[in-house]
Amino acid sequence: MHQSAHKTGNTIAAGESAADRPIADVDVCIVGAGPVGATLACRLGRAGLSVAVIDRAALAPMEHPDLDGRAYAIAAGPKAFLEAAGVWDHLPEPACPIEDILVTDGRPGEPASSLFLEFTREDATQPFGWMIGARSLRVALNACLETVPGVRVLAPAEATVTRQADGAHVRLADGRAFGARLIVAADGRKSRLRSDAGIGLTRLPYGQTAIVCTIAHEFPHDNSALEHFLPAGPFAQLPLAGTAEHPYLSAIVWSDRDGLAQRFAALPDDVFARQLERRMGTGRLGRVTPVGRRWTYPLSAQYAQNYTAQRMVLVGDAAHGIHPIAGQGLNLGYRDIIHLAALLIEAHEQGHDMGAPALLARYQAACRPANMLMLAATDALDRLFSNDNPVLRLARDIGIAGVHRIPALRRAFVKHAMGL
């Protein structure tokens with residue numbers, strides 16, 4: 001396994017005097033070193049731009065296995081971007097391809113409806129996505145940030161940003177300061193930069209909490225994923241690469257009502273395993289065994305009224321958050337930076353201003369309408385499926401079975417979800 005070093009390279013080492021290392025002005029300052037901000041930094045650095053990355057937290061401890069239990073389904077477009085950024089090659093564990101997706105509807109403890117939708121290998125020329133653990137991605141990002149020239153990591157660090165028509169000014173809590181042509185707000189759902197800029201936010205609570213965990217199971221998953229719609233919220237099983245100890249592993253994202261989800265998550269392993277099996281709707285994985293700890297995440301959707309302000313753009317969760325029903329949250333963030341990186345690299349190569357209003361307007365036009373469409377679609381899906389209304393149940397079962405029977409429609413769904 002690759003061990004990322006944190007004493008040399010682009011990161012300020014512990015014990016090093018900050019005053020010894022003044023910070024030069026940069027093309028782009030990214031605030032937030034999560035998956036979206038860090039990947040953007042690596043991609044821009046590799047293209048020859050000068051980049052500063054600021055995060056309140058030190059990056060090395062983010063690699064701790066107990067910090068984040070999520071696994072991400074990375075679509076084809078974002079995977080190509082991670083490869084271009086040099087991140088993919090640093091993954092310490094193999095990614096697991098998703099080659100089959102079964103979409104079903106039912107109730108806990110009952111077999112799934114006989115009307116279903118299945119996306120198979122025949123619907124695409126490559127896997128629908130690749131499953132990687134949050135920790136695995138973090139290790140790869142940290143390793144990449146260390147080695148990409150032109151990227152300066154400032155973490156842990158607190159920064160104050162001021163923006164003017166001719167450029168932005170960044171001041172750290174230790175007194176050092178530097179200039180930037182553009183500020184990228186990658187500082188998450190509760191983005192301080194977004195609120196400081198006075199950008200409005202609309203929030204849609206779901207009254208649902210996601211339980212996230214890993215399970216071992218009796219039979220192989222054959223790189224197949226399951227999305228099983230239940231009255232209290234969707235239940236997803238996503239294939240993971242196995243280990244010597246557990247050859248057959250999957251990630252679970254189980255959405256249930258607030259309060260109830262926490263009670264389920266706290267159950268003893270054997271009782272929790274039986275509850276999981278009741279929600280599968282199918283016995284194709286056989287007996288399941290929980291592996292490791294469980295996490296709970298309250299679910300809500302939100303969207304920023306604007307993705308830009310003077311000398312600043314919002315990316316990822318700072319711009320939007322959606323229901324995990326389609327597993328597209330991180331992919332949407334990656335689509336933001338795929339568009340943004342192309343614009344910034346083009347401006348850099350042509351000697352244009354990277355924070356110019358026209359460039360920012362092009363970024364918003366490329367991303368916000370498509371993101372709002374995805375937010376509306378996932379919101380509608382959750383409201384359509386997370387109920388037990390018999391009329392709606394029949395309508396949605398006929399709907400998903402109808403899509404299943406039309407190959408061209410299935411392939412159109414797949415192409416959009418893969419980001420191609």
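This structure is a prediction, so every number in the text was calculated from the model and none was measured.
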May I ask you to check if Arg368 and Tyr363 form a cation-pi contact, with NZ or CZ under 6.0 angstrom from the six-membered ring centre and within 45° of the axis? no
Cationic tip of Arg284 above Phe219 ring, under 6.0 Å, 45° of axis: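 Negative - Arg284 is either too far from the ring of Phe219 or too far off its axis.
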Any [X] side-chain heavy atom under 4.5 Å of [Y] side chain:
X	Y	value
Asn371	Tyr307	yes
Gln237	Leu285	yes
Thr243	Leu249	yes
Asp336	His320	yes
Ile345	Leu49	yes
Glu346	Arg362	yes
Arg335	Met374	yes
His348	Met354	yes

Tell me the salt bridge (charged side-chain N to carboxylate O under 4.0 Å, His left out) pairs involving residues 203-213, sequence neighbours left out?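 As it turns out, there is no salt bridge (charged side-chain N to carboxylate O under 4.0 Å, His left out) pair with a partner in residues 203-213 once direct neighbours are skipped.
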Centres of the His323 and Tyr206 rings: under 6.0 Å? yes
Trp88 vs Trp130 aromatic rings, parallel, tilted or perpendicular, using cut-offs 30° and 60°? perpendicular
Would you say the side-chain atoms of Thr162 and His169 include a donor-acceptor pair closer than 3.5 Å? no
Stepwise side-chain hydrogen bond (donor to acceptor under 3.5 Å, both in side chains) check, Arg138 with Asn142: CA-CA 6 Å; Arg138 187 72 253 168; Asn142 286 355; 3.0 Å; yes
How long is the gap from [atom1] on [X] to [atom2] on [Y], to the nearest 0.5 Å?
X	Y	atom1	atom2	answer
Glu227	Leu238	CD	CG	8.0 Å
Ile54	Cys29	CD1	SG	3.5 Å
Glu99	Asn223	CD	CG	4.5 Å
Leu240	Met131	CG	CE	5.0 Å
Arg189	Gln302	CZ	CD	4.5 Å
Cys144	Leu137	SG	CG	10.5 Å

Have a look at Arg181 and tell me which of Asp166, Asp353, Asp27, Asp25 forms a salt bridge (charged side-chain N to carboxylate O under 4.0 Å, His left out) with it. Asp353
Would you find more than 12 non-hydrogen atoms of other residues, nucleotides or ligands less than 6.0 Å from Gln350 atom CD? yes
Side-chain atoms of residues 72-81: list all donor-acceptor pairs with protein atoms under 3.5 Å, sequence neighbours left out, distances to 0.1 Å.
unit_1	atom_1	unit_2	atom_2	d
Lys79	NZ	Glu83	OE2	2.8

For Val184 and Leu340, what are the C-alpha separation, side-chain angles and deciding distance, and is it a side-chain contact (heavy atoms from CB on, under 4.5 Å)? CA-CA 10 Å; Val184 176; Leu340 181 61; 4.1 Å; yes
Just jot down the salt bridge (Lys or Arg N to Asp or Glu O under 4.0 Å) partners of Glu158, sequence neighbours excluded, or say none.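 Scan of Glu158 (salt bridge (Lys or Arg N to Asp or Glu O under 4.0 Å), adjacent residues dropped) gives Arg56, Arg192.
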